[in-house]
Structures are given as structure tokens and as C-alpha cells.
Amino acid sequence: MTEHPSRVLVLNSGSSSVKYQLFDMTDQSRLAAGLVERIGEAGARLVHTPAGGERRERTDVPLPDHTAALRAAADELAADGHRLDDPRLAAIGHRVVHGGLRFTEPTVITDEVIAEIERLVPVAPLHNPANLTGIHTALELNPRVPQVAVFDTAFHTTMPEYAARYAIDTATADAHRVRRYGFHGTSHAYVSRRTAELLGKDVADVNVIVLHLGNGASASAVAGGRCVDTSMGLTPLEGLVMGTRSGDIDPAVIFHLSRVAGMSVDEIDVLLNKRSGLVGLCGDNDMREITRRMAEGDAAARLAFAIYTYRLKKYIGAYYAVLGRVDAIAFTAGVGENAANVRAAAVEGLVGFGVVVDEKRNTTPGSGPRFISPQYASVAVAVVPTDEELEIASQAFTLVSP
């Protein structure tokens with residue numbers, strides 16, 4: 001009997017990096033994981049970790065471009081017995097940041113799909129080109145295996161028009177695809193589903209506010225497994241305060257800086273995306289360092305923390321109103337999973353809404369999904385580690401499986 005292909009390789013191609021993980025979907029186990037970073041730069045390196053094996057780091061391999069990076073990753077996988085031409089490989093799943101309105105679910109990659117991803121580059125100039133590079137290179141390495149695009153925006157396409165549209169001239173908005181798309185969709189999908197499982201309920205019966213807090217941060221209101229609102233917009237700049245992004249800001253600030261400070265559009269773009277958020281407020285975008293500085297009485301760090309958590313609280317309140325009934329609030333990603341002080345501050349004062357955390361539960365380290373609210377709380381507060389790569393693998397495997 002021929003073994004049914006059950007493996008999925010997940011690729012997340014950035015502008016100068018490639019993350020990869022190989023899964024066996026029969027039990028959702030990881031067979032290997034790796035990172036190629038600083039592609040095309042001095043100090044490029046590949047870090048590869050096989051399941052049950054020792055981490056390997058290589059700096060002796062030339063990595064001038066993504067093709068070389070993926071070939072090097074393929075060599076490391078082959079060294080562990082995981083060749084890309086292995087008949088057990090069912091699919092290669094690609095993270096694609098922007099899918100616009102057309103791509104509402106995982107999609108087998110064709111020339112037409114590639115062309116549409118290219119057409120979306122103007123609304124995702126930092127992400128889609130890198131994603132496309134990964135796709136083209138993977139197709140060169142193995143044109144036989146199905147390639148699947150899983151879009152960050154897809155989970156948010158269920159938003160109603162009144163949540164997705166901006167209040168600007170409709171003809172202009174439609175002509176230039178200006179609307180709220182949202183991002184981190186694979187994480188919000190995974191975490192909302194895992195939260196329902198943690199509650200012991202069907203996802204269709206659960207309303208969840210998901211807070212994905214990493215260097216990039218986003219919130220979503222999920223009703224019965226469907227996103228009804230999210231904080232990021234046309235780009236990942238809108239919404240929460242982030243590591244280097246401003247989040248919500250009066251649009252007239254842009255005009256003001258242009259007229260009064262003489263800043264160009266590109267300079268303002270860099271300011272809002274790379275020199276704002278936590279780093280703009282206090283010079284650090286690492287919440288661990290900010291917490292250390294706060295303990296030493298640093299006023300700038302304290303203010304940055306207060307602004308960050310105040311914005312979180314505002315979105316929790318807004319999405320509580322949107323959903324009408326909230327069963328759980330789920331914290332995820334690097335800050336959400338590890339910063340107990342952020343979680344506590346974000347829900348402080350919300351006891352009247354049934355939202356409260358238990359100090360011991362919140363500060364006790366843990367690695368898996370867990371409640372940090374007391375048993376009596378009417379709204380569960382949970383920490384739910386995200387797994388975007390597994391979500392991509394699952395969606396890709398489901399699509400290609402007969």
C-alpha cells in the first residue's frame with residue numbers, strides 16, 4: 001500500500017529572512033524547524049533544529065539571496081532525511097500577508113494567484129514582495145508538490161461592511177482598495193479556536209476578544225468563530241501601540257508634520273512605522289527591558305507602559321460593546337504570553353464587566369493554554385500560545401488532502 005502524503009513544509013519569507021517548519025500532519029508533530037536570517041547581508045546565518053536533535057548553526061554557507069537561503073534550508077532538511085522530493089511531502093504552505101478581498105481562504109498557488117498577489121503589492125509593499133520571492137523559489141526547488149498560500153488577511157474577510165469600510169469617498173476607496181483588511185489572521189483564527197477548546201465549548205458558541213501582542217500587535221472581536229472587527233487596517237500600522245508603530249493616530253498629524261516640520265511622505269512613513277510606538281516613547285521596544293526600567297523608577301518607561309496598556313483597555317471595552325457578550329479574552333504572542341504585568345494592567349478596573357485576573361495564576365509561569373482569571377469570573381481571561389505555522393500547515397493540508 002502506498003503511504004498517503006502527510007507532511008507539510010511551512011515557509012514564512014520576509015525581506016531578509018526565511019522561517020521554516022516541517023510537520024507530519026498525522027499527529028501534527030514538528031519534524032524540524034529553522035531560520036535563515038540576514039539574507040544578502042554580512043553575518044547571514046542559518047539555524048536548524050531537528051526534532052529530538054541538536055540545534056545546528058551555520059555561518060559558512062553563502063546566502064546572497066532567497067534562492068540560496070531556501071536551498072541551504074533544503075540541504076539541512078535533507079541531512080535529517082527530509083528531502084523536498086520525498087513523496088510523503090503533501091504541500092508547501094506559504095504565509096502571504098495581504099490577500100485583499102479576493103482570497104478568503106487558503107488557495108493553491110497558480111500563475112493567476114501569483115499575479116493577484118503581485119497586484120496587491122502597493123497595499124503591502126514590505127511584505128508581499130518577500131512572500132512572492134519565497135513562492136517563486138519554492139516552485140523552482142519542487143514544482144511537483146502543491147504550493148498553498150495562506151493569507152494573513154483571510155480570517156478578517158468576514159467583517160461586515162460597516163466595520164471594514166472607512167468613512168471616505170466611496171469611489172476613491174474602491175478605486176484604490178482602501179478599507180480595513182486586518183492582519184495576524186492565522187494567529188487570531190488559531191487562538192480563538194483554541195480558546196473555545198479551553199472553555200470546553202464549540203467555537204460557534206463562543207465570543208472571544210483576541211489580543212495578539214508581539215512587536216506588532218493587533219486585537220480582534222470574534223463571534224462564533226468569525227471575525228467581526230479587528231484593530232489593524234489597510235496596513236499593519238493602525239490600532240494598538242506596538243514595538244515601533246504608532247497605532248491609532250489623528251491622520252492630520254501627517255499633514256501637520258509635512259507643513260510645519262517639512263517632512264516628506266517617506267520620512268513620515270519611517271517615523272510612524274519604525275520610530276514610534278514603544279521605541280518612540282522610551283527608546284526600547286522590548287517589554288522586558290521596559291519592565292526593568294520601570295522597576296528602577298524610569299519615568300519614560302512608565303509612561304510608555306501606561307500608554308501601551310491604556311490603548312489595550314480601550315480596545316477591550318470597544319470590542320466588548322461590539323460583541324455584546326464576551327466569553328473570554330485571550331492573550332497571545334510574545335508579550336501577551338509572557339508579560340504578566342501587561343495582562344494585569346490591560347484589564348485593571350474592568351471588574352464591573354466581569355473581567356478580572358487572579359494574581360497568582362497570572363504570575364505563575366506556564367507554557368500551555370491556561371486560565372489566569374478566578375473561577376468566579378463571568379468572563380474567562382486566558383493565555384493561549386499561538387502557533388501560526390501549525391495553523392498554516394493545517395489549512396494547507398486540509399486543502400490538498402483528497
Side-chain angles (χ1 to χ4, degrees), residues 183-184 187-188 191 209-221 230-233 236-250 253 270-320 328-353 355-366 370-374 377 379 381-386:
F183 299 90
H184 295 144
S187 177
H188 286 278
V191 170
I209 297 172
V210 178
L211 302 171
H212 177 109
L213 309 180
N215 192 50
S218 60
S220 67
T230 192
S231 59
M232 287 180 167
L237 179 59
E238 188 180 1
L240 303 174
V241 175
M242 305 177 219
T244 65
R245 298 181 190 129
S246 65
D248 293 339
I249 192 169
D250 180 351
V253 169
V270 170
L271 170 69
L272 297 181
N273 278 288
K274 297 183 178 180
R275 292 172 43 218
S276 295
L278 292 172
V279 78
L281 289 166
C282 71
D284 273 308
N285 63 333
D286 187 323
M287 189 57 71
R288 293 165 297 187
E289 181 63 15
I290 291 171
T291 299
R292 184 193 66 77
R293 287 172 54 185
M294 288 169 58
E296 295 177 351
D298 188 303
R302 286 181 174 177
L303 180 59
F305 182 86
I307 293 171
Y308 182 92
T309 53
Y310 178 71
R311 185 78 56 85
L312 273 173
K313 187 179 297 186
K314 286 176 68 175
Y315 267 90
I316 291 171
Y319 286 171
Y320 202 119
I329 298 171
F331 288 87
T332 194
V335 175
E337 294 170 27
N338 297 294
N341 57 338
V342 169
R343 298 191 297 258
V347 303
E348 185 179 1
L350 299 181
V351 64
F353 294 91
V355 181
V356 63
V357 298
D358 178 273
E359 183 178 0
K360 184 176 180 180
R361 287 186 174 187
N362 186 37
T363 56
T364 300
R370 60 197 185 277
F371 292 118
I372 59 172
S373 52
V379 176
V381 182
V383 177
V384 181
T386 191

Self-check item: Between CG on residue Asn285 and CG on residue Asn215, distance to nearest 0.5 Å
Solution: 5.0 Å
Quiz prompt | Atom pair CE/CG of Met232 and Leu237 - distance to nearest 0.5 Å | solution = 8.5 Å
Exercise. Could you give me the CA-CA distance, side-chain angles and deciding distance for Leu278 and Met287, then say whether side chain to side chain contact (heavy atoms under 4.5 Å, CB included) is met?
Key: CA-CA 9 Å; Leu278 292 172; Met287 189 57 71; 3.8 Å; yes
Practice problem: Would you name the heavy atoms of Val356 and Ala377 that are closest together and state the gap between them? | Solution: CG1-CB, 3.9 Å
Self-check item: Which atom of Pro385 lies closest to which atom of Thr332, heavy atoms considered
Solution: C-OG1, 3.6 Å
Quiz item: Could you give the distance from CZ (Arg275) to OG1 (Thr244), rounded to the nearest 0.5 Å?
Solution: 11.5 Å
Exercise. For residues Val384 and Ala330, report the shortest heavy-atom separation together with the two atoms involved.
Key: CG2-CB, 4.2 Å
Quiz item: Take atom CZ in Arg370; do more than 12 heavy atoms of anything else shown fall under 6.0 Å from it?
Solution: yes
Quiz item: Going from CG on Leu240 to OH on Tyr308, what distance comes out if it is rounded to the nearest 0.5 angstrom?
Solution: 7.0 Å
Exercise. For residues Thr309 and Asn341, determine if any side-chain heavy atom of one lies less than 4.5 Å from a side-chain heavy atom of the other.
Key: no
Exercise. Measure the CD1-CG distance between Ile316 and Leu350 for me, rounded to the nearest 0.5 Å.
Key: 6.0 Å
Quiz prompt | Smallest separation among heavy atoms of Gly233 and Phe183, with atom names | solution = O-CE1, 3.4 Å
Quiz item: Do any N or O atoms from the side chain of Arg311 and from the backbone of Gly247 form a donor-acceptor pair under 3.5 angstrom?
Solution: no
Quiz item: Do the charged groups of Glu296 and Arg292 touch, with an N to O distance under 4.0 Å?
Solution: yes
Self-check item: Criterion side-chain hydrogen bond (donor to acceptor under 3.5 Å, both in side chains) against His212, the qualifying member of Ser220, Ser187, Ser218
Solution: Ser187
Quiz item: Taking only residues two or more places apart in sequence, or in another chain, which ones meet Phe353 in a ring pair (Phe, Tyr, Trp, His ring centres under 6.0 Å)?
Solution: Tyr320
Quiz item: Counting distance only, does the side-chain N/O of Asp284 pair as donor-acceptor with the main-chain N or O of Asp286 below 3.5 Å?
Solution: no
Quiz item: Is a donor on one side and an acceptor on the other found under 3.5 Å between the side chain of Thr386 and the backbone of Ala333?
Solution: no
Exercise. Taking the side chain as every heavy atom from C-beta outward, state whether Leu281 and Leu303 have any atom pair closer than 4.5 Å.
Key: no
Quiz item: Ignoring hydrogens and geometry, is there a side-chain-to-backbone donor-acceptor pair from Ser231 to Ala219 under 3.5 Å?
Solution: yes
Quiz item: Are Thr230 and His188 linked by a side-chain donor-acceptor pair shorter than 3.5 Å?
Solution: no
Quiz item: Between Asn273 and Arg245, is there a donor-acceptor pair closer than 3.5 Å when you use the side chain of the first and the backbone of the second?
Solution: no
Self-check item: Rounded distance [0.5 Å steps], CZ in Arg302 versus CD1 in Ile307
Solution: 14.5 Å
Quiz item: Which pair of heavy atoms, one from Arg293 and one from Ala301, lies closest together, and at what distance?
Solution: CB-CB, 3.7 Å
Quiz item: If we only count heavy atoms from C-beta on, is the Leu312 to Val342 side-chain gap below 4.5 Å?
Solution: yes
Quiz item: Do the side chain of Arg343 and the main chain of Phe331 share a donor and acceptor less than 3.5 angstrom apart?
Solution: no
Practice problem: Taking all heavy atoms of Leu213 and all of Ala217, pick out the closest pair and write down the distance. | Solution: CD2-CB, 4.0 Å
